[in-house]
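Scroll down for the structure; my scribbles are underneath it.
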Amino acid sequence: MKSRLQSLVADALAKLQADGVLPADLEPRIQIERTRDARHGDFASNVALTLAKPAGMNPRGLAERILAALPDAPEVEKVEIAGPGFINFFIRDAALADVVRHVLEQGEAFGRSDLGAGKRVQVEFVSANPTGPLHVGHGRGAAYGAAVADLLDAVGYAVHREYYVNDAGRQMDILAASVWLRYLELCGEELPFPANAYQGDYVWDIAAALHREHGERFRKAWAEVAEGLPADAPEGDKEQYIDAVIDKARTLLGADDYRIVFDTALNYILADIRDDLEQFGVVYDEWYSERRLTENGLVDQAIDRLRAAGHTYEQDGALWFRSTDFGDEKDRVLVRENGQTTYFASDIAYHMDKLERGFEWVIDIWGADHHGYVPRVKAALQALGEDVNRLHVLLVQFAILYRGGQKVQMSTRSGEFVTLRQLRKEVGTDAARFFYVMRKCEQHLDFDLDLAKSQSADNPVYYIQYAHARVCSVFRQLAEKGLGWDRDTGLAHLDRLTEDHEQALITRLDRYPELIEAAATQHEPHQLAHYLRELANDFHTYYNAHQFLVDDPELRNARLALIAATRQVIANGLGLLGVSAPDKM
RNA sequence: GCGCCCGUAGCUCAGCUGGAUAGAGCGUUGGCCUCCGGAGCCAAAGGUCAGAGGUUCGAAUCCUCUCGGGCGCGCCA
């Protein structure tokens, strides 16, 4: 309806241009908005206000000329000029009610569009280091990323969901060393567990798996391992200590056996993460390995390209990228003094590869604590001659959990953090998925665990799901009365839906496609979450005000068509957020 | 110190990218089934849109400054 009105106004403006009322070179942007107040009609346009100046006319006068030039349209009941020069459109009820037919005909496809025209878009999200289970902080990135990806998919983009696996680097070595030491303990060695090693119980689990599969193959006497190690914290430096332990593991085990320990840990945790996310309704098209990036030579290639373009220099034995030339606040190291490439170098190579894989654009979803990282990545891409505007970085702020009105403390150090798995178990996937996307991503999220668990109207998830279940219940009731729903009769008499509550619900349904488009292109799933609450509210209000199962078959079937359409839209919307739409609760 | 994000009702947040009288939920107060699920509905009270300037027909929204809160500023990943 919106685009229909847009073209009507465009016709009118073209006519005025032809008549010389408006300058011919004007290219107006026609805004049609939904009105907030029913007295202003259904839609309003401010073109007369925005064009008044270039046209050299007063806004109301111009509005009258536009009105006169407006072509006739059957769905428009009347058009009015109001206030300073708004043009208000009143749409015929019957024309609005047509949305019910569209919803029922299109079913699950209602709200989907081909706006994206099949353009390829990549969404990379979560990408947590595989050094332990996902925690609740990752959960928000997972829920948000999945919703953004699903929304883009819904409006016609070919979405590629990707998880970047940091399977190289020091943190992974620390994990491998942690697992190996726990394994030695299982073999019967007594040893002090390093302060900087991973303390979580899952490390024991991996060590046990290693022991089951390989027996005592990797066992070394602790005395042998401990020989020549520096002091651990608190007397010594815990970083130096853990690095020394890693070196010991490498030399004592040899490269091949060390790799087995390392890969056992990596694969165990990756499998856990993958399973966790799948149960959270989040699935990926690709798990992209950082190690593979290095092995394929892409990191060296990226560095070479930067060097060849003259954007690097050597200092203090390291190779630096002059990122300050591209707006970064300081230059960054690519190759360390010890010859190892930095994480940043991998990331440049990764992003270069992303862009060169031919995506129309690439979306990174990062925790807000990484925001300082954005300028340097963009600097590198710019230096490589890539189009930086194809990279969109969305920063997700922290989620803070509350239980009983108190902040839930989390400390990764002790291994006593709240995992995503624990959260799912406590509040359920539906509530977790919904709560995570209720706020826009740059807003801090207060996650109220008690509220998420409560089965009451306070809880928006239940409120929305209840509306869906209630419609189902009405249809069950209908069957119990020995009646059926005659859809065609209903659709033929949509003009019987004249109550205010019905018109409100119809208008809400009509908004859904625009809303999906906005939520998708602006990467704001919270818009959908809010919409669904409002839709459920419209339905519950209608339910309380009117009886659906009335004697008059025309009215009854029309009302059933309306609530069936409502049920469909709720199901479609919840589906995009990864929330189920139950028939009963 | 520099950079990014945030500041709207007692609390948690929307506000359709500059539009008409700033809206929801919770909480508070008062109401509503002889009826399709009361896991629901209706009503009332509640505002210096952090503050000050500016841009214009028009600002919660855009620009500048100030104040308050969060996060980040490694040859870690």
Side-chain angles (χ1 to χ4, degrees), chain A residues 31 33-37 39-40 44-46 49-50 52-53 58-59 82-86 88 129 131 166 168-172 174 239 290 315-320 329-330 332-344 346-347 367-375 395 397-398 400 402 405 438-446 448 451 454-460 462-463 465-467 469-478 480-481 511 514-515 518-519 522 524 526-527 529-531 533-534 536-537 539-550 559-560 563 584-585:
Chain A
Q31 283 184 57
E33 290 183 326
R34 297 212 175 245
T35 56
R36 220 170 293 187
D37 189 330
R39 281 172 301 183
H40 299 141
S45 181
N46 60 357
L49 287 106
T50 57
K53 190 171 261 184
N58 76 65
F86 289 104
N88 292 338
N129 283 353
T131 52
N166 294 122
R170 180 162 173 269
Q171 293 305 319
M172 281 306 299
I174 294 177
E239 304 287 349
E290 181 188 359
Q315 188 182 306
D316 304 329
L319 182 72
W320 295 71
E329 55 188 17
K330 54 177 289 195
R332 309 290 171 178
V333 171
L334 295 170
V335 184
R336 290 194 281 254
E337 197 180 354
N338 64 11
Q340 287 188 324
T341 56
T342 57
Y343 174 84
F344 178 47
S346 299
D347 234 16
D369 52 335
H370 285 70
H371 71 79
Y373 209 71
V374 178
L395 299 169
Q397 295 286 341
F398 292 139
I400 303 160
Y402 287 86
M438 268 193 325
R439 306 283 171 247
K440 52 181 160 196
C441 67
E442 61 262 36
Q443 188 75 250
H444 286 267
L445 173 69
D446 288 337
D448 185 334
L451 181 60
S454 83
Q455 307 204 351
S456 75
D458 316 355
N459 184 340
Y462 280 89
Y463 185 81
Q465 289 181 322
Y466 179 46
R470 228 176 185 181
V471 175
C472 295
S473 173
V474 172
F475 278 93
R476 283 193 294 269
Q477 202 51 231
L478 180 73
E480 274 176 34
K481 291 188 176 181
R511 277 197 58 184
E514 294 159 30
L515 179 107
Q522 294 162 38
E524 292 187 342
H526 79 275
Q527 289 190 32
H530 284 275
Y531 169 88
R533 215 219 164 261
E534 285 161 358
N537 182 33
F539 170 75
H540 287 308
T541 302
Y542 178 38
Y543 181 96
N544 269 271
H546 300 282
Q547 191 77 15
F548 307 147
L549 303 181
V550 293
R559 286 183 170 173
L560 289 171
I563 65 168
K584 288 180 192 184
M585 296 171 70

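Per chain, numbering begins at 1; letters A, B, ... match sequence-line order.
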Practice prompt. Report yes if at least one side-chain N or O of A:Arg470 is closer than 4.0 Å to OP1 or OP2 of B:G38; otherwise report no.
Written response: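 Checking A:Arg470 against B:G38: at least one side-chain N or O falls below 4.0 Å of OP1 or OP2.
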
Practice prompt. Would you tell me if any nitrogen or oxygen in the side chain of A:Tyr462 comes within less than 4.0 Å of OP1 or OP2 on B:G25?
Written response: no

Discussion item. Under 4.0 Å between a side-chain nitrogen and a carboxylate oxygen: does that hold for A:Arg170 and A:Glu239?
Written reply: yes

For atom [atom1] of [X] and atom [atom2] of [N], their distance in whole Å:
X: A:Arg36; N: B:U21; atom1: CZ; atom2: P; result: 10 Å
X: A:Asn58; N: B:G58; atom1: CG; atom2: P; result: 15 Å
X: A:Lys440; N: B:U61; atom1: NZ; atom2: P; result: 13 Å
X: A:Met438; N: B:C26; atom1: CE; atom2: P; result: 13 Å
X: A:Glu33; N: B:U61; atom1: CD; atom2: P; result: 17 Å
X: A:Asn537; N: B:C26; atom1: CG; atom2: C1'; result: 14 Å
X: A:Arg439; N: B:G25; atom1: CZ; atom2: P; result: 14 Å
X: A:Gln443; N: B:U8; atom1: CD; atom2: P; result: 9 Å

Taking only the [atom1] atom of each, what is the distance from [N] to [M] in whole angstrom?
N: B:A9; M: B:G23; atom1: C1'; value: 10 Å
N: B:A14; M: B:U8; atom1: C1'; value: 10 Å
N: B:A60; M: B:G15; atom1: C1'; value: 8 Å
N: B:G46; M: B:A22; atom1: C1'; value: 14 Å

Give each protein N/O atom lying under 3.5 Å from an N/O atom of nucleotides 69-76 of chain B, with the pair distance.
from: B:G70; atom 1: O2'; to: A:His444; atom 2: NE2; distance (Å): 3.4
from: B:C71; atom 1: O2; to: A:His371; atom 2: NE2; distance (Å): 3.1
from: B:C73; atom 1: O2'; to: A:Glu329; atom 2: OE2; distance (Å): 3.2
from: B:C75; atom 1: O2; to: A:Glu337; atom 2: N; distance (Å): 2.8
from: B:C75; atom 1: N4; to: A:Asp316; atom 2: O; distance (Å): 3.0
from: B:C76; atom 1: OP2; to: A:Arg336; atom 2: NH1; distance (Å): 3.1

So [X], base contact, sugar-phosphate only, or nothing? Heavy-atom distance under 4.0 Å.
X: A:Asp347; result: nothing
X: A:Ser473; result: base
X: A:Arg559; result: nothing

Worksheet entry | Nearest-nucleotide 5' precedence on RNA chain B, A:Phe344 against A:His526 |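 Closer to the 5' end of RNA chain B: A:His526.
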
Discussion item. Need to verify one output field. Residue with the more 5' nearest nucleotide on RNA chain B, A:Ala168 or A:Arg34?
Written reply: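 Between the two, 5'-proximity favours A:Arg34.
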
Worksheet item: Would A:Phe86 count as stacked on B:G19 if the rule is ring centres under 5.5 Å and plane angle under 30°?
Response: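 No, the aromatic ring of A:Phe86 does not stack with the base.
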
Worksheet item: Under 5.5 Å between ring centres and under 30° between planes: does that hold for A:His40 against the base of B:A20?
Response: yes

Taking atom types as modelled and ignoring hydrogens, do the side chains of [X] and [Y] form a donor-acceptor contact shorter than 3.5 angstrom?
X: A:Asn166; Y: A:Glu290; value: yes
X: A:His540; Y: A:Arg470; value: yes
X: A:Gln527; Y: A:Gln522; value: yes

Practice prompt. Please tell me which of the listed nucleotides, B:A14, B:A77, B:C36, lies nearest to the side chain of A:Glu290?
Written response: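 The listed nucleotide nearest to A:Glu290's side chain is B:A77.
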
Restricting both atoms to N or O, compile the protein contacts to nucleotides 54-57 of chain B shorter than 3.5 Å, with distance only.
from: B:C57; atom 1: OP1; to: A:Lys53; atom 2: NZ; distance (Å): 3.0

Discussion item. Taking Watson-Crick (N1-N3 plus N6-O4 or O6-N4) and G-U wobble (N1-O2, O6-N3), each under 3.5 Å, can you produce the dot-bracket string of RNA chain B? Use [ ] for crossing pairs and | for inter-strand ones.
Written reply: (((((((..((((.....[...)))).(((((.......))))).....(((((..]....))))))))))))....

Fill in: Pairwise distance NE2(A:His371) to CD(A:Glu442) - rounded to 0.5 angstrom
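So the NE2 of A:His371 and the CD of A:Glu442 are separated by 13.5 Å.
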
Worksheet item: Which heavy-atom pair separates A:Phe344 from A:Val333 by the least distance, and what is that distance?
Response: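 Looking at all heavy atoms of both residues, the shortest contact is CD2-O, 4.0 Å.
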
Fill in: Over all atoms of both residues, closest heavy-atom pair of A:Glu337 and A:Ala318
N-CB, 4.1 Å

